[in-house]
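Here the structure comes first, spelled out in structure tokens, and everything after it is commentary.
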Amino acid sequence: MKERKFSIYKKIRNLFFGALIPITAINIIMNQVANMRIQQQGAEKMEAQLASKVINFDNELGRINAGLRFHVLNGEEAFLATNYYSLSSYQLGQKVAELNARLNELALISDCIEDVAVFMPHIERVVSFLNYYEDTITENDMERILQYRYKDNGNVYNNGKLLIHMVAPTSDEKEPLYIMEAALSNNKILSFIKGGEDEGYALAGDDWVISEPAFDIPGPALEKIRRQTEESGSFVVEGALFCYHRLSLCDGWMISYTEISNLIAPVRIFHVFMFITLFVTIIVILLVICRLSQSVNRPFQQLLCLFREVETGTLDVKTNYHFKDEFAVVFEQFDSMISRIKELLSQSVKQGKELQLAEYKQLQAHIAPHFLYNSFNVLRHCILMEDYETASEMTGLLGNYFRYMTYSGEQESIPLLEEYRHAGDYLDIQKIRFQDNITVEMDELPEKYNYFRVPPFILQPLVENVFKHGIKDMAYAGCISVRVEETETKLCLIVRDNGYGISQQELEKLRRGIEGTEVLFEHSGLVNIGKRLKILLGEGAGLAVNSELNQFFEAVIYIPLEASRYAGQNKEGNPLAAGASHLALQNK
């Protein structure tokens, strides 16, 4: 028997891990869902805060624009720009001082303003809050303000600052007299929109960014924001959550961003606690499994060893279990089972021998009445016709036939030569009965197989079956052949006729009956022959059939050479009933 691996410990372990794996998977999935939910809630919170800061910053820009517009509409700057060359030095200084004071008031409108300046490009003069008065406009400033032509207001990012300007007067035909420009400080803007310690804010346009050094925005995130068509939204890039919102009064976006780890930091302690709990649980369960291995697996292994001994055919086994637990009942039942198996096996052997004896006696008594009647009728006819030679031959054949029927039924096995001659006697009787209507071809049995032990009544019933079913009522002459063939391991006795045969469906049914997979009430003689061959000679022996409808029927007996050489021997190695068989052979 193939070795089978069996372990309660392994089964419990597999069961444990089978349950642990889905639990762990569910736990991980729940953590992922919780993280996604925390991330979603964090994004919603950041978007709400960002929207509030955008409103505040837009309001701040609106206040700056309103202040610039107020000064533009007031017209004081226009007077200085148009009358610059007609003013005396004293008047010019007085007007510049008044303008500078007004710019100072304008700078106080918002904490984000760093400087406010008035540029007068046609006279190339600039007045600012920080630098007071300059006689010339720098080349960089001139290049920038010239881009403001005919644009009443707007914002640009230049020289590291966000600039908001107001042009006066606005006209599609004339160049502006002056431009008022408020420069916003990056630091003051970042201070105005500053968030928490773990959260950064920034302003970004198409080609500029105002951000804190500690919260540098990755290039991919910045490019993604610049490509957005929606007013607001959020996304995750490189492990950070980014929220954006377009500004109403500035050509750009306000951005807030934070690391994902910062969002889930408050619940991280719960994750650590959960994994520690899971690890401790695994350790405890493994200890329990080890304990179960000692208290459960060991008795099962002991019981399995006992079953393996029984499987090899050893029934003299005894359990030796001293513990008073549930397994004690199992071992007691095992001992009881072994005792019962021994008893049933003894009864089965006895009943098998009785059944074989009954089958042999039945075969011995099974002499077809029509065969006896026809045989004796032929004998009577020969005597009446004074054909004493044929009558003498018939008498001798019938004597041999009944002598074999008398003593062979009491034998477990007989020499193959006796069974072979008995089949020959039966064929000789039938040849006398049918005269020229049948042809018999029977090989000589090789002498080396004469004393091979076989069950009685295995060949003659096959020959008898030919006359009952194969060539009965044939319109043409029947032909019966009995051939002997041998291989390296088996001897084959082949009985073939040229009769009606059977259909393939009936043939398959007959084969299943011989193999024991289907119960047949017809052809019981053939099934019985195959069964008795296996009982006495082993699995290598048996009966095979083949046929074609209206062509032939063939039965083949397989006799293993080694098995038949020693079949039916007693303890001393001598064939059973050897004396009776030897006398029978002498009488032949």
Side-chain angles (χ1 to χ4, degrees), residues 355-356 358-360 362-372 374 419-420 422-424 426-427 429-431 433-434 437-443 454-485 487 490-560:
L355 178 61
Q356 280 189 350
E359 289 177 348
Y360 295 158
Q362 180 183 10
L363 288 172
Q364 180 185 8
H366 183 66
I367 303 174
H370 68 276
F371 171 73
L372 290 177
N374 291 333
E419 179 67 19
Y420 200 77
H422 178 64
Y426 181 84
L427 284 172
I429 293 173
Q430 296 289 24
K431 282 196 297 184
R433 284 182 55 203
F434 291 96
N437 290 330
I438 62 171
T439 302
V440 176
E441 300 175 358
M442 190 170 184
D443 293 347
V454 297
F457 302 108
I458 58 171
L459 184 59
Q460 184 270 335
L462 298 182
V463 177
E464 184 178 352
N465 186 69
V466 172
F467 290 94
K468 285 185 178 181
H469 306 288
I471 61 175
K472 183 180 180 181
D473 301 326
M474 285 178 55
Y476 52 89
C479 180
I480 305 170
S481 64
V482 180
R483 302 194 311 275
V484 180
E485 296 181 1
T487 65
K490 293 181 180 181
L491 176 67
C492 302
L493 304 179
I494 306 170
V495 179
R496 183 186 177 103
D497 65 73
N498 65 338
Y500 297 110
I502 58 177
S503 65
Q504 288 298 316
Q505 183 177 0
E506 293 178 350
L507 180 63
E508 293 299 326
K509 185 177 181 181
L510 176 57
R511 287 172 175 171
R512 290 194 298 270
I514 294 173
E515 293 172 358
T517 59
E518 184 174 338
V519 178
L520 295 181
F521 294 101
E522 65 276 12
H523 306 295
S524 59
L526 297 179
V527 174
N528 183 273
I529 291 172
K531 182 171 65 174
R532 288 190 295 116
L533 284 169
K534 290 182 180 298
I535 291 175
L536 184 65
L537 303 180
E539 290 298 324
L543 178 69
V545 293
N546 193 19
S547 178
E548 288 188 13
L549 191 62
N550 297 322
Q551 294 293 326
F552 71 92
F553 183 89
E554 181 180 80
V556 182
I557 294 175
Y558 294 101
I559 302 175

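By convention here, the first residue in the shown sequence is residue 1. Note that the coordinates shown come from a computational prediction; the quantities given were computed from them, not determined experimentally.
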Task: Point-to-point distance, once rounded to the nearest 0.5 Å, from CG of L427 to CD of E464 - done: 11.0 Å
Open item on the list: Within this structure, what is the CG-CZ distance for the pair N546 and R496, rounded to the nearest 0.5 Å?
Closed with: 8.0 Å
Task: V482 vs L493 side-chain heavy atoms within contact, under 4.5 Å - done: no
Task: Within-4.5 Å side-chain heavy-atom neighbours: D497 and F467 - done: no
Task: Under 3.5 Å donor-acceptor, E419 side chain and I458 backbone - done: yes
Open item on the list: For L526 and L462: C-alpha separation, side-chain torsions, deciding distance, then whether side-chain contact (heavy atoms from CB on, under 4.5 Å) applies.
Closed with: CA-CA 7 Å; L526 297 179; L462 298 182; 3.2 Å; yes
Task: E441: side chain to side chain contact (heavy atoms under 4.5 Å, CB included) partners, not counting sequence neighbours - done: C479, S481
Open item on the list: Taking the side chain as everything from C-beta on, heavy atoms only, tell me whether Y500 gets closer than 4.5 Å to N550.
Closed with: yes
Open item on the list: Taking E508 first and then R511, would you say they form a salt bridge - that is, a charged N and a carboxylate O separated by under 4.0 Å?
Closed with: yes
TODO: Would you mind reporting whether V545 and I502 have side-chain heavy atoms less than 4.5 Å apart?
DONE: no
Task: For the student: nearest non-hydrogen atoms of V527 and G513, plus distance - done: CG1-O, 3.6 Å
- [ ] Please list, chain by chain and in numerical order, all residues satisfying side chain to side chain donor-acceptor pair (under 3.5 Å) with D443, sequence neighbours excluded.
- [x] none
Open item on the list: One pair to check against side-chain contact (heavy atoms from CB on, under 4.5 Å): L459 and V454. What are the steps and the verdict?
Closed with: CA-CA 10 Å; L459 184 59; V454 297; over 6 Å; no
- [ ] Return yes if some donor-acceptor pair links the side-chain N/O of R532 with the main-chain N/O of P456 below 3.5 Å, else return no.
- [x] yes
Open item on the list: Please report the interatomic distance CD1(I514) to NZ(K509), rounded to the nearest 0.5 Å.
Closed with: 13.0 Å
TODO: Nearest 0.5 Å please: distance from the CG atom of N498 over to the CD atom of Q551.
DONE: 9.5 Å
- [ ] For E515, enumerate each residue passing the salt bridge (charged side-chain N to carboxylate O under 4.0 Å, His left out) test, keeping only those at least two apart in sequence or located in another chain.
- [x] none
Open item on the list: Check the orientation of F457 and H422. Use parallel for under 30°, tilted for 30 to 60°, and perpendicular for over 60°.
Closed with: perpendicular
TODO: Please answer whether the main-chain N or O of A541 pairs with a side-chain N or O of K534 as donor and acceptor at a distance below 3.5 Å.
DONE: yes
TODO: Could you pull out the closest heavy-atom pair between G530 and L543, with the gap in Å?
DONE: CA-CB, 4.0 Å
Task: Separation of E506 CD from L510 CG (nearest 0.5 Å) - done: 9.0 Å
Task: Y558 OH to E485 CD distance, which is reported to the nearest 0.5 Å - done: 9.0 Å
